[in-house]
Amino acid sequence: MRSRRVLRLSLTVAALLLLAAPAASAQQIAIPSFDFVRPAETPQEGLQTMQLLLLLTVLTLAPSIIILCTSFTRIIVVFSFIRSALGLQQTPPNQVLIGLALFLTAAVMMPTFTEINRTAIQPYLAGEIDQVEAIELGALPLKAFMLKQTREADLGLMLEVSGEEAPDGPEDVHFLTVVPAFALSELKTAFTMGFLIYVPFIIIDLIVASLMMSLGMMMVPPTLISLPFKILLFVLVDGWHLVVESLVESFVG
């Protein structure tokens, strides 16, 4: 009986499709045509094409800009050190750490983004400046932020690699030279903070390992016993608050 019902239902659906086919074929379906190689007929069309290409380029490079030109690198590296120091493999998950790092980056970079919007984006939207001038003016606040966090040794190394002469001032340093110098300085700062975070947890591991050795519990991994104590210490001192506060003050100070 069940197979007969399925067969009847299939035949009914097929009949409805056959009846609807002539009506569908009678209607004319308009398919839009695209011509990507057609030359621009007016200067405005060429300008719109260039604007679209520039926008797509910026969107493609957006992840690299966020990672290398903002505070994101230092924040996410320090968060990774915290998880490793606690001995936790996937807690908190990567999505949580990256999301928190992105929002902290937005908070830290808000004054810089506000300055970029005031000096470059709004005048460009108002038609007061062109695209090239908007990019140059928008890069100045971001470059000033990066130079403030960049060590002189890293900047000197990048100037030597790029073959540039010693600049007279911060505005004379090329943007492409500042970015790798800033990234190197951020990694050094993040690793320094990570070392300071690791020290108390290493002490806990050493104490627990010594106690277990003295008790003859050599078959039990010390990390299995020290993990709850490290988490308890981190919670008692409000570790996430202290780390985030230290990260924010490291950029403000």
Side-chain angles (χ1 to χ4, degrees), residues 55-118 120-121 138-151 153-155 158 175-202 204-205 223 227 230-253:
L55 178 60
L56 293 176
T57 303
V58 172
L59 292 177
T60 303
L61 298 177
S64 300
I65 295 174
I66 294 175
I67 293 174
L68 296 180
C69 300
T70 64
S71 58
F72 180 82
T73 300
R74 184 187 304 185
I75 295 173
I76 193 63
V77 171
V78 171
F79 285 171
S80 300
F81 270 109
I82 293 175
R83 189 168 64 180
S84 299
L86 288 172
L88 303 173
Q89 299 297 325
Q90 296 296 330
T91 305
N94 292 330
Q95 293 84 349
V96 174
L97 293 182
I98 293 175
L100 180 58
L102 285 174
F103 278 97
L104 285 176
T105 300
V108 171
M109 300 296 297
M110 188 57 65
T112 304
F113 292 156
T114 303
E115 183 68 15
I116 294 174
N117 180 66
R118 185 183 65 83
I121 298 178
L140 290 178
L142 187 60
K143 185 166 67 173
F145 168 81
M146 291 190 292
L147 287 174
K148 185 179 179 181
Q149 307 296 330
T150 303
R151 299 185 306 151
D154 296 329
L155 183 58
M158 290 298 104
F175 189 84
L176 297 180
T177 304
V178 178
V179 172
F182 171 74
L184 290 176
S185 299
E186 288 294 283
L187 289 175
K188 177 181 174 62
T189 305
F191 272 65
T192 303
M193 298 180 69
F195 170 77
L196 297 177
I197 292 172
Y198 249 101
V199 170
F201 299 111
I202 291 177
I204 294 177
D205 287 333
T223 55
L227 178 60
K230 290 190 290 186
I231 296 176
L232 179 62
L233 173 65
F234 195 72
V235 172
L236 289 178
V237 300
D238 199 2
W240 287 110
H241 177 83
L242 293 177
V243 171
V244 171
E245 183 179 10
S246 300
L247 282 170
V248 174
E249 290 180 352
S250 67
F251 289 103
V252 177

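- Using a 4.5 Å heavy-atom threshold, the side chains of T73 and F182 count as separate.
- Here the side chains of F234 and P200 are not in contact, with every heavy-atom distance at 4.5 Å or above.
- Counting only heavy atoms from C-beta outward, the side chains of V108 and T70 never approach each other to under 4.5 Å.
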Hey, mind stepping through L247 and M193 against side chain to side chain contact (heavy atoms under 4.5 Å, CB included) and telling me if it holds? CA-CA 9 Å; L247 282 170; M193 298 180 69; 3.6 Å; yes

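- In this view, V235 and I231 satisfy the side-chain contact (heavy atoms from CB on, under 4.5 Å) rule, not counting sequence neighbours.
- In this structure, L97 CG and T91 OG1 are separated by 9.5 Å, a value rounded to the nearest 0.5 Å.
- Within the model, atoms OG of S80 and CG of N94 stand 7.5 Å from one another, a figure rounded to the nearest 0.5 Å.
- Separation of atoms OG (S250) and CD1 (I75) is listed at 8.0 Å; rounding is to 0.5 Å.
- Separation of atoms CG (L68) and CG (L184) is listed at 10.0 Å; rounding is to 0.5 Å.
- Scanning all heavy atoms of the two residues, the minimum distance from C69 to V179 falls at SG-CG2, 3.8 Å.
- When all heavy atoms of D154 and S185 are compared, the closest pair comes out as OD2-OG, 2.7 Å.
- Residues L142 and I116 come closest through the heavy atom pair CB-CD1, 4.3 Å.
- The aromatic rings of F145 and F251 sit parallel, their planes meeting at an angle under 30°, below the 60° perpendicular limit.
- Between F81 and F195, the distance from one ring center to the other does not fall under 6.0 angstrom.
- Side-chain atoms of L176 and M158, non-hydrogen and from C-beta on, never get closer than 4.5 Å to each other.
- The only member of R74, M146, R151 that meets side-chain contact (heavy atoms from CB on, under 4.5 Å) when paired with E186 is R74.
- Proximity of L88 to I82: side-chain heavy atoms (C-beta onward) are nowhere separated by under 4.5 Å.
- In this structure, F79 and V243 have side chains that are in contact, with non-hydrogen atoms separated by less than 4.5 Å.
- Atoms CG and CG, from L227 and D205 in turn, are 9.0 Å apart once rounded to the nearest 0.5 Å.
- Note that OG of S246 and NE2 of H241 are 9.0 Å apart. Values are rounded to the nearest 0.5 Å.
- Side-chain atoms of K230 come within 3.5 Å of backbone atoms of A85 as a donor-acceptor pair (strictly under, hydrogens ignored).
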Audit row: T105, I76, side chain to side chain contact (heavy atoms under 4.5 Å, CB included) steps and yes/no: CA-CA 10 Å; T105 300; I76 193 63; over 6 Å; no

